[in-house]
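Proteins come first, then strands; the chains are lettered A, B, ... in the order of their sequence lines, and each starts at number 1.
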There are 2 protein chains.
Amino acid sequence: MSLRSQLLKGVLEGCILSIINRQPTYGYELSVRLQEFGLSDVSEGSIYPILLRLQKEKLIEGTMQKSELGPKRKYYHLTEAGKEALIEFIEQWETIKLPVENIIKKEE
Amino acid sequence: MSLRSQLLKGVLEGCILSIINRQPTYGYELSVRLQEFGLSDVSEGSIYPILLRLQKEKLIEGTMQKSELGPKRKYYHLTEAGKEALIEFIEQWETIKLPVENIIKKEE
DNA sequence: GTAAGCTACTTTGCATAACAAGGTAGCTGT
DNA sequence: ACAGCTACCTTGTTATGCAAAGTAGCTTAC
């Protein structure tokens, strides 16, 4: 219902790729990281489906690993295709950002 | 299919509000303006539904006016609610933009 | 030992938005 | 009268984020 949620469309996927690219990680931690970055309203119902989709598209790969505390974690890392997709996402973000900034910028 | 289109989600509506806010305009000209700003892949199939939606939500109002050349144009202008929605959009854009930039920024 | 609470993953169903594709019609110039 | 531009509208498809609910392992406290 809120514009806020709509603004995330397409962006979340790229952000998740970027965070995984920095360091392999798992779903639950991703939700914490995103919140630290300021994307506070991202729920697990958003994150896990994206991870499954990215995996299906062969952009990431996941392996179960034991955790010292709590249940097993599924650590994901980027594939080569994933790294390319990330680069493409960043380019697309830039080509969207500039026009939007120009449009919403108040002229003096 | 492209990430590109997905990135526009939610953004287009705000951009259209902003352009109309600067100066009342009509659908066909909007497509030209958006292209000038660099959003080149926005088709009329995207613009007109958004205009109708914004009108239904009482964020804009439209009136038919004769054109000196060609068919009549439907000029839109923002309502008070539309101006508030635009301000809200800009705030939301900022609160999305900063986290995204931080996430995709390469650390040195 | 058992209940509470955190960690961690998954699935289903829904609402929304952009878009391709196609259609309608007015006006101008040749 | 035809082409080409202007201008608007509609239908159906697809992608995405999310709420909601479920499952289960582990730890701590009582």
Next item on the list: List the steps and the verdict of side-chain contact (heavy atoms from CB on, under 4.5 Å) for Glu13(B) and Ile16(B).
Entry: CA-CA 5 Å; Glu13(B) 186 174 304; Ile16(B) 287 176; 6.0 Å; no

Note to self: One pair to check against side-chain contact (heavy atoms from CB on, under 4.5 Å): Val42(A) and Leu39(A). What are the steps and the verdict?
What the structure shows: CA-CA 6 Å; Val42(A) 181; Leu39(A) 299 177; 4.0 Å; yes

Item checked: Evaluation steps, side-chain contact (heavy atoms from CB on, under 4.5 Å), between Leu51(A) and Tyr76(A) -> CA-CA 8 Å; Leu51(A) 289 174; Tyr76(A) 289 99; 3.7 Å; yes

Next item on the list: Tell me, with the steps shown, if Leu34(A) and Ile103(B) meet side-chain contact (heavy atoms from CB on, under 4.5 Å).
Entry: CA-CA 9 Å; Leu34(A) 287 170; Ile103(B) 289 171; 4.0 Å; yes

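Distance from the side chain of Tyr28(B) is smallest to dA7(D) among dA7(D), dG17(D), dC9(C). Listed nucleotides dC8(D), dC18(D), dG25(D) differ in distance to Ser43(A); the shortest reach to its side chain belongs to dC18(D). Comparing dT16(D), dC18(D), dA8(C) against the side chain of Glu13(A) picks out dT16(D) as the nearest. Side-chain proximity of Lys74(B) to the nucleotides dG17(D), dC9(D), dA19(D) is greatest for dC9(D).
For the pair Leu30(A) CG and dT7(C) P, the computed distance is 15 Å after rounding to whole Å. Computed from coordinates, the Lys66(B) NZ to dT28(C) C1' distance equals 18 Å when rounded to whole Å. One can place NZ of Lys56(B) at 14 Å from C1' of dA15(C), the figure rounded to the nearest angstrom. When rounded to the nearest whole Å, the span between CD1 of Ile16(A) and P of dC9(C) equals 12 Å. For Gln92(A) and dA15(D), the CD to P distance is 15 Å, given to the nearest whole Å. One atom, CD of Gln65(A), and another, C1' of dA8(C), lie 14 Å apart when rounded to the nearest Å.
Between dC27(C) and Lys72(B), no contact under 4.0 Å exists linking OP1 or OP2 to a side-chain N or O. Contact annotation: Tyr26(A) reaches the phosphate of dA8(C) (side-chain N/O to OP1 or OP2, under 4.0 Å).
When the nearest nucleotides of DNA chain D are assigned to Met64(B) and Leu12(A) by heavy-atom distance, the more 5′-ward of the two goes with Met64(B).
Against DNA chain C, the stretch residues 44-55 of chain B makes heavy-atom approaches under 4.0 Å through Gly45(B), Ser46(B), Ile50(B), Arg53(B).
The pair Lys97(A)-Glu101(A) does not meet the salt-bridge criterion, since no charged nitrogen lies less than 4.0 angstrom from a carboxylate oxygen. Salt bridge annotation for Arg73(B)-Glu29(B): absent, with no cationic side-chain nitrogen under 4.0 angstrom from a carboxylate oxygen.
The aromatic rings of Tyr75(A) and Tyr26(A) lie perpendicular to each other, with more than 60° between the two planes, well past the 30° mark.
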